[in-house]
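Data block below; observations after.
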Amino acid sequence: MCNGCCGCCSAFRPRYKRLVDNIFPVYPQDGLVKSNMEKLTFYSLSSPEKLDRIGEYLYQRAARDIYRKKYGFVIIAMEAMDQLLLACHAPTLNLFVESFLKMVQKLLESTEPELQILATTSFVKFANIEEDTPSYHRRYDFFVSKFSAMCHSGERDEIRDKIRTAGIKGLQAVVRKTVSDDLVENIWESVHMDKIVPSLLFNMQESGFHKKESNNIDVTSEDALDPPMLAETCLRELVGRASFGHIRAVLRPVFKHFDLHTLWVPNDFAIHTFRIIMFSIQAQYSYTVVETLMAHLDDNAKSSATIRTNIAGVLSKIIAIAAGESVGPSVLEIINSLLSHLRDSVRNEASQLEEKQYQEALINALGEFANHLPDYQKIEIMMFIMSKIPFPLVDNHSPADNLLQSILLKSLLKVGTKYQTIHLNTTFPVSFLEPLLRMSLAPDPDMRLLVQKILHTLIDRHNNLEKLSKPTVNIFDLELVLEKSSRPDLIFINKHGPIIYDALYTSLQMDTNTPENIEAVYTTLALLCVELASVETVIDLLQLILGIQSLSLNSTLLSNAQKFNLHAIVISLLALIPTIVSIKPLADYACQIIEQRKQEAPHLLPDLFSHYPTNSEVANKLPHLLIDQMAICEYVKAGGLDPSRLQQTSPYGAGGPGFVTGTQRNSWIESGARGSIIDIQTSEVDSACSSPGVQKKYTDEELTFESMKKVLTEPPEVRKEAEAERRKVLSHTFRTATFSELVRRTQPKHDVLQTKLNEIFNSLNSNENRSPIDEKKAAVPAYEQNFPELFYY
Amino acid sequence: MDDYKFLFKVVLVGNAGVGKTCLVRRFTQGLFPPGQGATIGVDFMIKTVEVGNEKVKLQIWDTAGQERFRSITQSYYRSAHALILVYDISCQPTFDCLTDWLREIEEYASCKVLRVLVGNKIDREDREIPTHVGEEFAERHNMYYLETSAKQSDNVERLFMQIAEDLMKQARSRDLPRYNSNHQNINGTTTPISDSSCCSGKFINAIVIFGKPTACIHCS
């Protein structure tokens, strides 16, 4: 039309306008006039200074056509601009781009979906062009705003999807255009991210994949134009491009979106999204996501436990992905924050079902995390958790403390199950072993059981745990996996065996033990025996077995059922040991006792029960069914082992001189429930230790089980009185005794000092012959050496 | 037809179902869509008006009232020149929520944004909030107040024209502080202006800030 009326005066118009006019056909449906378009392109290439005017003119024409609703011409104008954009070289583009973007914006402002989609396509083309002149002043906020709005289009079905797709593509283009260039607008500003990220998430959540309702599932989800898929791709790209400083800008709107759309419960979509984020984020930043998620957990401290549980669930699903990348302090930070969440949860409210689930979820997350760390870090983590466990104090603990203990132990167990022990000494550094053993004497039987389970999982290396979980006398049915124990392991058990055995023995003395507790101790012992199958350990174990037997005979605290349980595990262990190290005579002996018990006293055999028939005979009255120390010695000897240690009195229980490992034991039992036993024995123990030779003869009668029991039952005042008395006597002696007598009393110490001094002087004298000066120097104190003249004059 | 002098961004906020979309439709397209569904996220309309021989382009962002879209809608407040806070005069809860909305505006929008309170649906018989209550509320919070009916096209035109005039007046008197690319901060100075007579609605000392065409591609 324009052409028609202006045809006559077209000669007077500027050339570029004529060229532009000529590309438009008479009827819009004829499409762009190709040959004239080529002329225009050629013209703009040969005189690039005209390019901006061409752009401006095209834009004006298109704006007018939009106003007149002649959309056909608009589309042609846009096409022409696209072609010019692609044809022209980068340096000349700058001004043209302005009109181009104005054009795109104009189209986006129209209400016609078709034009909006067209504009987006053009914009995407533009975004793919590399510009080499920076455009500081160019702004994209309109595009971000408009594309985000398009992502939320509420038009009718098909158009809706098309517009949404266009919106997502547009956002993707904006991101691509801006992200690589520092000089243009910063797309990571929250004003943009707060629009882009929710728009993408909104489209992703619309897809049916994570929803259970079948009516929502999009049939054509394989289609590449599916908005959810596209949004997902775009999100991946966005996250993948984010540098460390920008990650939070991306994550913040994600959390906000999940909160507002209540997408945490159920958390399928959240898991899906966070997986996407974790997999596309640059690996070294993945830790930030975990951190942010935990911070979000903090923020949600007040929300319902279900939400927290689900957030923690998400955490446990993604934490593994982060584990590979996080190193050093960040690992402990994550653990620490998980543990503090656990602690808070415990403090909050005890024993609500949701709260429990929340704790479970956290522990799971912890386990998942630990699972993906290298082994040495697992040990570190276990020690770290250990250090966070409040130790059972005799009088000062609340139910919350108790709960926390058991929860932390549960997490420890979780980490422990993920850990594959290779060498026992690396698994159990003293700083870990000692507190663990101390925990194994906790007053609460459930807690003791947990500790035993931790021990099981850490000791077991050959998957024998299942087979040994219940005491049994039919060892051959178990098909145990055996391996010769290594040198480091033997060193380990030699060093730490005593405290381990001792702790186990002491825990068997507890009158709160359930059959499960006793079974657990059995399993620990059996596993130790299997894992450390060697001659030395066998003797120690036999010693311990005898100790346990005498405990069950002499104890007055334990119930009959518990005593029967002890007998049962004793005989099971006895049956186990000779098969591990193959001592035939001993095995025969065990078999013989088992047979006899089967006939006369089946209650002294496994399985363990908490109640036995009332007519069950107490074991004390059946001496022939008991294990005899002398017999064992003999059989061991017959098996080719040296029984001398066995013949010595057992360090356990009655008949022994108490606790050989007194000092060690002292250190960890004092805070335990039974600290009182030790106090009075320290002195004896010390002397016994320092002179192993006299051990056997030492005060047998004084430290029988009865005497220990007396100590236990005696009120502490009595002991205190005795102590005070002793002190009084001592001070009295020192006040009243004559000097010579005191000298005599303290003489031995001087002797020692004297001999030492003599030795030193002797060694000095031996030097004397070589050089008198040397000798002199050696004799003078340091300050004189530094200033010899002072000495000489 | 396209050489406008000013471009202003106007954002509509308010509870779901108070008639924000209808107001926009009535103004931009001159129609009242019956059975309009809930807006999803954000909707966008444009309208160029003439104020004293000058063309003013209004970018109108119509936000969803639903709570769940709050995160995306909030991000649109920031660059707004004017915020229209809409409630339904026949629905007390929508009025009660105004304080929440104001808090949100305080938090996310520029503090100098022009704020307008609109009681919509005056065509309805079952009015629950009398005019003076709305007026008082507006006065208390430094907004100006208007009652409209999108259905009967009462005051709709005037609402937007008033905003356009007001924003333009400021744009003229002041040399152009504008929205910085980075965020909502306005780097220009601001002046409280006591504004002129408006026949029924009152202009109250609104603190306004003006922008010239914001997307710079226009003014290259």
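Here is how names work: the chains are called A, B, and so on, in the same order as the sequence lines, proteins then strands, and each is numbered from 1.
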Checklist entry - Cut-off 3.5 Å, side chains only: do S71(B) and R252(A) have a donor facing an acceptor? => result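 No.
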Checklist entry - Is the backbone of I40(B) close enough, under 3.5 Å, to the side chain of H152(A) for a donor and an acceptor to pair up by distance? => result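 Side chain of H152(A) to backbone of I40(B), a donor-acceptor pair under 3.5 Å: no, none is there.
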Item to check | Interface residue of largest heavy-atom contact number with chain A, from I46(B), T39(B), T63(B), T73(B), under 4.5 Å | outcome: I46(B)
Checklist entry - Checking S153(A) against chain B: side chain, backbone, both or neither under 4.5 Å from a heavy atom? => result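 For S153(A), backbone heavy atoms alone lie under 4.5 Å from chain B.
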Item to check | Any D141(A) side-chain heavy atom under 4.5 Å of K9(B) side chain | outcome: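 Yes. Closest side-chain heavy atoms under 4.5 Å.
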Checklist entry - With a 4.5 Å heavy-atom cut-off, do H257(A) and I72(B) have their side chains touching? => result no
Interatomic distance, [X] atom [atom1] to [Y] atom [atom2] [nearest 0.5 angstrom]:
X	Y	atom1	atom2	value
L260(A)	Q66(B)	CG	CD	11.5 Å
F142(A)	F44(B)	CZ	CZ	4.0 Å
K195(A)	R78(B)	NZ	CZ	7.5 Å
E67(B)	T262(A)	CD	OG1	10.0 Å

Flag yes if more than 12 heavy atoms outside [X] fall under 6.0 Å of its [atom1] atom; otherwise flag no.
X	atom1	result
R68(B)	CZ	yes
E114(A)	CD	no
E158(A)	CD	no
K256(A)	NZ	yes
K47(B)	NZ	yes

Checklist entry - Of the listed residues (S145(A), G154(A), S99(A)), which shares the most heavy-atom pairs with chain B below a 4.5 Å separation? => result S145(A)
Checklist entry - S148(A), S199(A), S110(A), P253(A): which one forms the most heavy-atom pairs within less than 4.5 Å of chain B? => result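 Maximum pair count with chain B is reached by S148(A).
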Next on the checklist: Testing the basics here: between D194(A) and S75(B), what is the closest heavy-atom pair and its distance to 0.1 Å?
Outcome noted: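 What the structure gives for the nearest pair is CB-CB, 3.5 Å.
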Next on the checklist: Looking at every non-hydrogen atom in both residues, tell me the closest pair between Y76(B) and A149(A) and how far apart they are.
Outcome noted: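 Here Y76(B) and A149(A) meet closest at OH-N, 3.6 Å.
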